[in-house]
S.K.: 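Below: one structure in structure tokens.
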Amino acid sequence: MIKLFNNVATIRAKYNSILNSINDLENEIIELSNNELKSKSLKLKYLCSKIGSLDEQTLIESFALTREASKRTIGLRHYDVQILGGLVLHEGKIAEMKTGEGKTLVSTLPALTNSLVGKGVHVVTINDYLAKRDAEWMGQIHRFLGLRVGLIDTNMTQLKKKQNYSRDLTYVTNSDLVFDFLKDNMVTKISELVQTPFHFCIIDEVDSILIDEARTPLIISRDSELAIEKYIKANEVTKHLFQQKHFDIDEKGKKISLTPKGLERTKILLNVIDLYNVNDPWIPYILNSLRAKHLFFRDVHYILKNNKVVIIDEFTGRILEGRKWSDGLHQAIEVKENVPMLKGSETMASITYQNFFRLYPKISGMTGTAKTEELEFENIYGLSVSVLPTYEEMSRKDESDFIFIDEITKWRSIAQECLKVYSKGQPILVGTTTIQNSEILSHLLNTYNLPHQLLNAKPENIKRESEIISQAGCLRAITIATNMAGRGTDILLGGNPDFKALKATRYILQALVKNDTFYIQGINLKKLKYNLRQNPRLITYFQEELDTLLAVFYTSKKNLNLVENFISDLYKQLLENYKEKQKKESKIVKSLGGLYVIGTEKHESRRIDNQLRGRSGRQGNPGKSRFFLSLADPLIRIFGGDKIQAAMQNLKMDGEVLESNFLSNSLTSAQQKVEGFYYDQRKTLNKYDQVIDKQRQIIYYLRKKILYTLNMRDLVLEFSEGFLDDFIEYLEYCKLEGKSIFFPKKILRLLNRLSISSEIIYQNIENTENLKRFLYEQLWTSYNCKEFQYSCFTDSRILDRYTQLIFFKYLDFYWYKHLENMNFLLDATSWEAYAQKDPYIQYENRATKLLTLSLKDCRDSIIFEIFISNIIITDIL
Ligand SMILES: Nc1ncnc2c1ncn2[C@@H]1O[C@H](COP(=O)(O)OP(=O)(O)OP(=O)(O)O)[C@@H](O)[C@H]1O
Ligand SMILES: [Mg+2]
């Protein structure tokens with residue numbers, strides 16, 4: 001507590017004078033017209049982009065301008081604590097502001113200010129809904145001040161993406177941002193790049209992205225014929241292995257190891273002598289198959305969607321579209337599930353969030369829950385955490401945990417609690433950890449005849465995630481949600497008018513199509529009806545595009561056509577009506593005690609529990625939260641430790657509820673233990689990941705160099721000379737060791753092309769310096785001839801482009817192959833731990849050797865193809 005107080009006091013003291021200056025400017029700025037505000041901001045932009053940096057005065061002015069623009073556009077005035085939050089973000093730190101404190105609004109201050117330099121700012125959110133909501137909602141402020149706002153949608157064309165990335169500020173989800181980065185590193189033309197160089201980003205829900213998602217890399221892969229048989233065979237073999245006898249499971253570490261008996265049995269079943277043979281390893285396949293069967297479960301860790309295994313993020317309950325477990329685990333699960341169209345997959349590019357966000361010169365983040373992971377942010381990302389106070393006193397009551405002896409009693413009690421609270425009318429949000437649990441509770445509530453909304457990671461629910469969560473504060477609402485619980489979605493007591501108005505607009509449009517005589521009291525639909533009848537094709541268009549259209553409604557009316565204008569008016573009228581209703585209903589819900597959050601299991605991380613609680617008691621509203629737990633919950637079972645086990649033995653509970661401080665505290669310390677455990681895991685992962693990250697930087701640097709080189713000559717000569725140097729080195733080695741020289745066929749062909757016979761080499765072997773000069777000259781001449789030939793018959797740029805494509809072809813080929821090898825290397829070196837060697841050092845050494853070899857092979861293949869091949873230019877006439 002004291003620490004928090006100190007922290008807040010320090011923040012206030014640190015930024016006090018700058019905050020006062022921003023506040024002082026307000027009186028002056030209030031007097032300015034809309035146009036004057038805009039030209040003031042554009043002037044700032046002009047000056048900052050010219051100098052390329054920001055000074056304190058600009059910061060003060062732009063914060064003050066943003067606050068005023070916000071008042072005039074969306075009707076919200078940044079509170080002083082929000083200004084402080086903005087200053088923390090501007091300094092490249094993490095601002096911890098409790099859930100519901102208005103972080104979305106806070107981000108506008110540093111986002112706009114940093115965009116003035118003209119190098120782009122990325123505002124990163126965790127899902128499409130939030131990116132869109134923020135671009136539309138907050139975008140009004142930026143646009144009002146003359147800045148251009150971009151929004152990235154996964155399905156946009158490359159051109160559209162490029163346009164949106166080039167805006168002053170771009171709202172984008174974390175996964176789109178990273179996938180676009182990876183794809184940009186696979187293009188072969190500058191014009192195909194969609195992103196601009198990174199400058200500054202603000203990561204919303206930063207703990208979710210940088211900590212919870214840090215363990216699964218983002219991968220772009222393509223189908224390949226890779227070793228599928230091995231996965232299938234391993235799947236068969238592991239059907240005959242039994243726990244304890246043949247293998248042991250470490251539930252904590254999600255690891256499985258074979259017992260000596262298991263090793264023997266596997267060898268017999270596979271009919272191989274060595275499972276660890278580096279050239280034909282079996283052990284990774286066997287262990288992955290066992291992990292797939294015994295540690296990864298459908299509807300808990302993944303779902304099947306369109307016959308594909310799709311990962312569920314265990315922290316948020318969200319499905320991670322396009323993500324894959326690495327190192328063959330994904331394929332093992334696919335085999336277990338017998339997914340048709342099964343194909344091996346070859347990694348083409350991959351990166352973790354940890355390494356991706358290091359590419360920005362400055363990053364900052366915000367969340368309601370960062371302090372518990374402060375150490376990790378500091379050590380891994382160099383980001384410090386500042387805790388900001390709430391604007392109003394938090395009045396949510398976090399009641400002590402209820403603990404039940406078994407799960408059945410727990411779920412029954414939850415259902416009974418829902419019944420009791422529902423009859424009062426107070427809204428309830430129940431958080432569950434798995435899809436299965438959410439469905440169990442849903443069935444139970446049905447038996448009690450309790451109407452409720454069920455939200456879990458099942459594909460049919462995903463689309464409506466934010467919509468369902470946003471209405472969780474309605475009178476008498478019962479909402480069951482898996483952990484996703486709509487992080488970032490605002491829950492207004494009395495319901496969310498925006499979603500209601502949107503739904504009603506869609507409904508009215510549909511009704512108008514079906515029924516000409518449809519009407520609603522108090523709303524004039526005449527003109528809209530008439531115009532729709534004139535142009536029936538518009539109806540389908542509007543129904544499909546209504547969400548997109550709403551973005552248009554926020555922009556100036558001038559840009560809308562006649563029908564769009566009518567729909568916009570209809571939407572706005574409905575919105576006003578719903579806002580009125582919400583105000584009234586909000587008062588009733590407040591008098592009933594606000595939103596009641598029920599947790600049904602403690603998560604491994606306290607942050608996730610706090611996020612769930614934070615759905616209630618937002619903006620100083622009343623609220624309540626309580627966790628209903630059972631002694632059979634996995635956290636207690638797996639991580640509870642001896643103390644809890646002993647307490648369980650001594651407790652003689654007969655279906656009674658227990659409120660035990662001792663147990664609650666033990667649970668918290670179990671959570672702390674798990675957090676520490678995972679932190680260590682992420683730290684190790686990060687250490688290993690640095691190796692491949694350095695290699696990625698080398699390859700991407702090389703790729704960029706090739707991409708931006710217009711004249712390929714220097715690069716070709718650089719590569720060829722490297723090749724010749726190695727060749728000379730080989731000759732010297734043969735000479736020294738008295739070994740006979742061996743010319744592989746490929747080399748002979750190349751020498752032949754350069755008009756060098758093997759005799760010349762033998763004759764000059766005593767003077768390698770001379771020989772080297774000669775070989776160099778032959779090579780230069782040969783390339784000059786090639787250039788000359790092209791310039792005579794066609795445009796010499798064709799040779800450059802052709803050469804460039806050869807470079808890409810081999811660089812990508814060897815890089816993909818290298819990534820695959822690196823996966824196996826990780827497996828191989830983890831066995832070294834048994835042999836008392838430091839596996840990390842082994843891994844690093846071998847990885848470096850592997851890359852050197854890959855790059856050498858790549859270089860030789862490029863040179864070979866450039867000198868041996870020819871483009872045949874056919875005369876079109
Ligand atoms: N300065 C302000 N004045 C009045 N209302 C505000 C202000 N700032 C934010 N709000 C309101 O607070 C609510 C919560 O805002 P927002 O969703 O941005 O919070 P958050 O901190 O991002 O929460 P979460 O942690 O859940 O993402 C919104 O309804 C918003 O309109
Ligand atoms: Mg938010």
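Whatever order the structure lists them in is the order used to number ligands and atoms, beginning at 1.
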S.K.: Backbone or side chain, does any N or O of Gly100 fall under 3.5 Å from an N or O of ligand 1?
M.R.: yes

S.K.: Is the distance from the ring center of Tyr360 to that of His122 below 6.0 Å?
M.R.: yes

S.K.: So, Ser616 side chain and Leu595 main chain: donor-acceptor pair closer than 3.5 Å or not?
M.R.: yes

S.K.: Does Lys602 count as lying over the ring of Phe627, i.e. NZ or CZ under 6.0 Å from the six-ring centre, within 45 degrees of the axis?
M.R.: yes

S.K.: Can you confirm, on distance only, whether ligand 1 has an N/O atom lying under 3.5 Å from any N/O atom belonging to Thr99?
M.R.: no

S.K.: Tell me which protein heavy atom sits closest to atom 8 (N) of ligand 1, plus the residue, atom name and distance to 0.1 Å.
M.R.: Gln82 NE2, 3.0 Å

S.K.: Please answer whether the main-chain N or O of Leu130 pairs with a side-chain N or O of Tyr171 as donor and acceptor at a distance below 3.5 Å.
M.R.: no

S.K.: How far apart are the C-alpha atoms of Lys590 and Asn621, what are their side-chain angles, what is the distance that settles it, and do they pass the side-chain contact (heavy atoms from CB on, under 4.5 Å) test?
M.R.: CA-CA 7 Å; Lys590 275 183 192 162; Asn621 284 331; 3.1 Å; yes

S.K.: Of the protein's non-hydrogen atoms, which lies at the shortest distance from atom 14 (C) of ligand 1, and what is that distance?
M.R.: Asp490 OD1, 3.4 Å

S.K.: Between Gln619 and ligand 1, does any nitrogen or oxygen pair lie at a separation below 3.5 Å?
M.R.: yes

S.K.: Please say whether Arg618 places an N or O atom under 3.5 Å from an N or O atom belonging to ligand 1.
M.R.: yes

S.K.: Can you pull out the closest protein heavy atom to atom 30 (C) of ligand 1? Residue, atom name and distance to 0.1 Å, please.
M.R.: Trp137 CH2, 3.9 Å

S.K.: Considering heavy atoms of the protein only, find what lies nearest to atom 18 (O) of ligand 1 and give residue, atom and distance to 0.1 Å.
M.R.: Thr104 OG1, 2.4 Å

S.K.: Using side-chain contact (heavy atoms from CB on, under 4.5 Å) as the criterion, point out the one residue from Lys132, Gln140, Met138 that pairs with Glu136.
M.R.: Lys132

S.K.: Decide whether an N or O pair under 3.5 Å exists between Gly102 and ligand 1.
M.R.: yes

S.K.: Where on Met97 is there a heavy atom closer than 4.0 Å to ligand 1, on the side chain, on the backbone, on both, or on neither?
M.R.: neither

S.K.: When you measure from the side chain of Glu101 to the backbone of Lys98, do you find a donor-acceptor pair of N or O atoms at a distance under 3.5 Å?
M.R.: no

S.K.: Return the closest protein heavy atom for atom 25 (O) of ligand 1 as residue, atom name and distance.
M.R.: Lys103 NZ, 2.8 Å

S.K.: With a 4.0 Å cut-off on heavy atoms, does Met366 reach ligand 1?
M.R.: no

S.K.: Would Thr489 count as being in polar contact with ligand 1, using the rule that some N or O on each side must be under 3.5 angstrom apart?
M.R.: no

S.K.: Give me the one residue out of Leu54, Ile60, Thr58 that meets side-chain contact (heavy atoms from CB on, under 4.5 Å) with Glu56.
M.R.: Ile60

S.K.: In terms of side-chain heavy atoms, does Thr479 have a donor or acceptor partner in Gln453 at a distance below 3.5 Å?
M.R.: no

S.K.: Which bit of Leu76 is near ligand 1, meaning a heavy atom under 4.0 Å away: side chain, backbone, both or neither?
M.R.: side chain

S.K.: Report the part of Leu492 (side chain from C-beta onward, or backbone N, CA, C, O) that has a heavy atom under 4.0 Å from ligand 1; answer both or neither where that applies.
M.R.: side chain

S.K.: Is there at least one pair of N or O atoms, one from His78 and one from ligand 1, spaced under 3.5 Å apart?
M.R.: no

S.K.: Between Tyr79 and ligand 1, does any nitrogen or oxygen pair lie at a separation below 3.5 Å?
M.R.: yes

